[in-house]
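Everything below concerns the one structure shown next.
As the structure is a prediction and not an experimental result, all values here were calculated from the model. Each chain gets a letter, A, B and so on, in the order its sequence line appears, and its residues count up from 1.
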Amino acid sequence: MKHSISIFWRLKDNHYKIYVTKCGDCGRVAPLKRLKCPYCGSRNVEHIESRGFGELINYTVSYYRTEGSEQYLPRVVGLVKLDEGPVIIGEITDVDLNELSIGTRVEAVLRKYSSEDPNGLIYYGLKFIPVIKK
Amino acid sequence: MKHSISIFWRLKDNHYKIYVTKCGDCGRVAPLKRLKCPYCGSRNVEHIESRGFGELINYTVSYYRTEGSEQYLPRVVGLVKLDEGPVIIGEITDVDLNELSIGTRVEAVLRKYSSEDPNGLIYYGLKFIPVIKK
Amino acid sequence: MKTYVVGSGVTKVDRHYDKNYLVLIDEAVGKTLANSGLDASDIEYLVVSTAFSESILNQADPSTYIAQNLGFRNVKALTVSSGEVSGAVALDYAHALIRSGKASRVLVVGFEKMSEYPSWVINRVYAKILEYEVEGIKNVAPSDYAALIMNDYMRRYGVSRESIIKWSIKMHENAVKTPHAQLQFTISADSLSKALRISEPLTMLDSHPTSDGAAALLLVNESVAKKAGTTPIELVDVESSVNLPIYLRDDLTYFSATAAAYKRLSSRNGVKLTTNTAVNVYDTYDIYGLLTIEALEICARGEAVKCVDEMPYLNVGGGLKARGHPVGATPLYQVHELRELMSGTSWIKYDGDISLAHAMSGPDNNAWLILLRGWV
Amino acid sequence: MKTYVVGSGVTKVDRHYDKNYLVLIDEAVGKTLANSGLDASDIEYLVVSTAFSESILNQADPSTYIAQNLGFRNVKALTVSSGEVSGAVALDYAHALIRSGKASRVLVVGFEKMSEYPSWVINRVYAKILEYEVEGIKNVAPSDYAALIMNDYMRRYGVSRESIIKWSIKMHENAVKTPHAQLQFTISADSLSKALRISEPLTMLDSHPTSDGAAALLLVNESVAKKAGTTPIELVDVESSVNLPIYLRDDLTYFSATAAAYKRLSSRNGVKLTTNTAVNVYDTYDIYGLLTIEALEICARGEAVKCVDEMPYLNVGGGLKARGHPVGATPLYQVHELRELMSGTSWIKYDGDISLAHAMSGPDNNAWLILLRGWV
Ligand SMILES: [Zn+2]
Ligand SMILES: [Zn+2]
């Protein structure tokens, strides 16, 4: 899949990093850098960079095939509750399916999102891996 | 550019051949195989295969660039009045621009419309060339 | 001014490799005009609904080319493209046109050609209903969300995987009795273990197929309706609402946009749905069908699986699951099926005086309701 | 019920590489609400207009994501996508909603992001306004048709190539006085010979640029309008018509859809345009601007080039040529500019009581007119 270079460049704060939008009015938190609070519509928001750690709260093993995705299937797509509060959708990678479960601690890492066919640009962004136990 | 195989296959009568739709009600002719007469909406139409000869009645030398078209520019795009009556839009190819003019006799030939990047399918269809004088 | 449906027509939902969108539309429009007693030249507005014409057919504003090719002259033609709710929006627009007196005869045409490309190309197109800058760019698929929602529903209410498939079984049974339905065969819970996985625990058996189709509805005002050859159905009201994105919802198992739209529609029109009301809801995935009948307050939350057996007029055409999902046309198929039901030409007899169509884009991201009433 | 515009706002038309569609829309909506005295929570309907969001942004139904991201809760949100007339259709829908009483406060938002990809990619997207199965598949470009039409016009009326460029010169002069216009510089006929050729004899000087932008209009009913902080403008009527494809027309130099729509609009509302009426027409290419003022019966056929000098209120914002053409938003920019003119905040004073916006897809394939009147 081909993406727009300018779109990808503009989205770097939301795909190379994780930000949290905290509302100064209703107090709720939401993932991503946002213009407004999605809960109350307030513009009085603060953007805080997440440390990228969280807990897997729901996931699916996905076989949904799109052009160029064949070699990456199945993928794990899930909801991660960040330590800063909000829930984010993302891919869980580098994981043994048998060891994955609800409650797994995960952390964000930079990985390949997709690439142009066949020798084009490669698009990177954040995915999650299980936290390596020390 | 990538086209749908099934769309291209269905359109073969309109791009590998030239048909004329003649209305049994208003008597007018229109290019292409059509369900209905575009002038009066009648379904009482007859499809006649054109011999593919006609006269160039208007044309432009076009530099409009689209992905993969660079090597084919400039192109000549024009309106051809078929001997069977209707006017059709098409590309005039294999032509010296200095020898082209309104009124030039042309005939339909099979040529390359476009191809997928970089080594994909090639799509063919009819274009026009000046009638070779014997 | 009140709005009436005086004609409707659909093509069989199928993979129509041999027909382009114009041929499908011509068939649906022909049937619609035939049973309405009106002619193409009577049409003032041609409101066209498609979700993906621009992506799949490289065609912006197909309404212009439908008008040019199908002999509509001096018509006002336009295209509405609003994801999976396109057809419902087209009906709302037409409803406003009639009600305002801006038009008295509006032809609404919906179509989609999902089979023009192989599934791995079309899947990418279909995923455009999600938010590209957040979800699409990461390759999150619509079915992934259905799987996450199914997980939460099973966990929260102790519902088993096998019981959810009851929805799809019923849809296939209804489709067998519906000539225009795509999947005219029955399925059983036994097939679940062997079914192709999409997004675990979701399988092909839980999901809508890839569909082509076209549907048309003729909407008119009261004075035109009175002269119509067939019994008109009233299009009473349209209501809708937008939900938060999935990852911001506190409860994935509650379709709050559908619920909010229903509450407003219900109170404004003094109607209440029951298990005996004809409803035609968006079961893009079986779990969405279940959550929808709960959001519409027909069944208690967590009880939809039991409820399904008690609903004789639920998705009588087979739903998105088995009638199929020619996206831009789907809400028009729904209303066509309800019209057949209310005018006594369906496979099942219906005595109710109202019925409801429900459409939504993705998992309740944008939910629309259309309320119909029999001619009184 | 009558419909009024009580607020409008636009972004500068530009190549906004640093802003996504949400940021542009937020800016336009902010300005619109600010000068209307209403709040986001007052909005009942969010009618979004875009031509190419699905192709360029991979986003079907952006209305859902605009509502989610910009804090519209409990709104009815939908997207209209009807090629180059999308914005006019969105206004017609909104007009029907207000007039029918279905809504009293409708926010219409139009946007386009044409600069997300290089021109050779965007050119292919833009060409989707033509009929793919006939024209697009052969790589016929929208500008090719403009060139053929220009050829015929010059031949038929003996108009010179140099005199046609007068249109563009005037548009650039108007753009210089319009803060939101994209091309804020003047041009001269001398540059014609050196201008980049597109489709001969058409050059870059004859054509609209590649534009990003967002515009919003707030439409309300009379009782809301009376309480508004600013002087409302009435949106009186919308009319449209479809033409035959170019190659079936007997006369390429007559925009018969625009003419048919104008005849109906004119007789229904008892109005007649003159050289002193404010009109804002689709000069996708200068030749189209000329043919449009002839089809609108402002100028005799073949005389438009002379007429342009006598029209002080012609495309005061610079037209598509110089204000720019953020496609899905363009008709909203046009109405915004007319509103400024009629409410006395434009760079030129206007005494007329009516004004007209004209939009069309391709060369008059589908033409729409919007009639505005001052508050009386
Ligand atoms: Zn808040
Ligand atoms: Zn005829």
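- Here A:Val61 is the residue among A:Ile57, A:Ile7, A:Val61, A:Leu73 with the most heavy-atom pairs under 4.5 Å with chain C.
- Contact residues of residues 28-35 of chain A toward chain C are A:Arg28, A:Ala30, A:Pro31, A:Leu32, A:Arg34 (heavy-atom distance under 4.5 Å).
- Heavy atoms of C:Leu196 lying under 4.5 Å from chain A are absent altogether.
- Using the six-membered ring where Trp is involved, A:Phe8 and A:Tyr123 have ring planes that are tilted, between 30° and 60° apart.
- If you measure heavy-atom distances from A:Pro38 to chain C, the contacts under 4.5 Å come from both the backbone and the side chain.
- One finds no salt bridge joining C:Asp206 and C:Lys321 here, because no Lys/Arg side-chain nitrogen approaches an Asp/Glu carboxylate oxygen to under 4.0 Å.
- Of the atoms belonging to C:Val134, heavy atoms from both backbone and side chain fall under 4.5 Å from chain A.
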**OP:** Could you go through the side chain to side chain contact (heavy atoms under 4.5 Å, CB included) check for A:Val77 and A:Ile92 one step at a time?
**Re:** CA-CA 6 Å; A:Val77 175; A:Ile92 324 300; over 6 Å; no
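- Counting heavy-atom pairs closer than 4.5 Å to chain A, the top residue among C:Leu244, C:Val140, C:Asn139 is C:Asn139.
- Contact record, C:Tyr145 with C:Pro363: CB-CG, 4.1 Å, taken as the closest heavy-atom pair.
- Looking at A:Asp83 and A:Arg105, a side-chain N of the basic residue comes within less than 4.0 Å of a carboxylate O on the acidic one, giving a salt bridge.
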**OP:** Apply side chain to side chain contact (heavy atoms under 4.5 Å, CB included) to C:Trp167 and C:Ile293, showing your working.
**Re:** CA-CA 11 Å; C:Trp167 178 283; C:Ile293 58 176; 3.9 Å; yes
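- Interface check for chain C: of the options A:Asn58, A:Leu79, A:Leu126, the most heavy-atom pairs under 4.5 Å are formed by A:Asn58.
- A salt bridge does not link C:Asp212 with C:Arg15: every distance from a Lys NZ or Arg NE/NH1/NH2 to an Asp or Glu carboxylate oxygen is 4.0 Å or more.
- Between chain A and the options C:Ala147, C:Pro201, C:Ala141, heavy-atom pairs under 4.5 Å are most frequent for C:Ala141.
- Using a cut-off of 4.0 Å between Lys/Arg side-chain N and Asp/Glu carboxylate O, A:Lys127 and A:Asp94 are scored as not salt-bridged.
- Using a cutoff of 4.0 Å between basic side-chain nitrogens and carboxylate oxygens, C:Arg301 and C:Asp251 are scored as salt-bridged.
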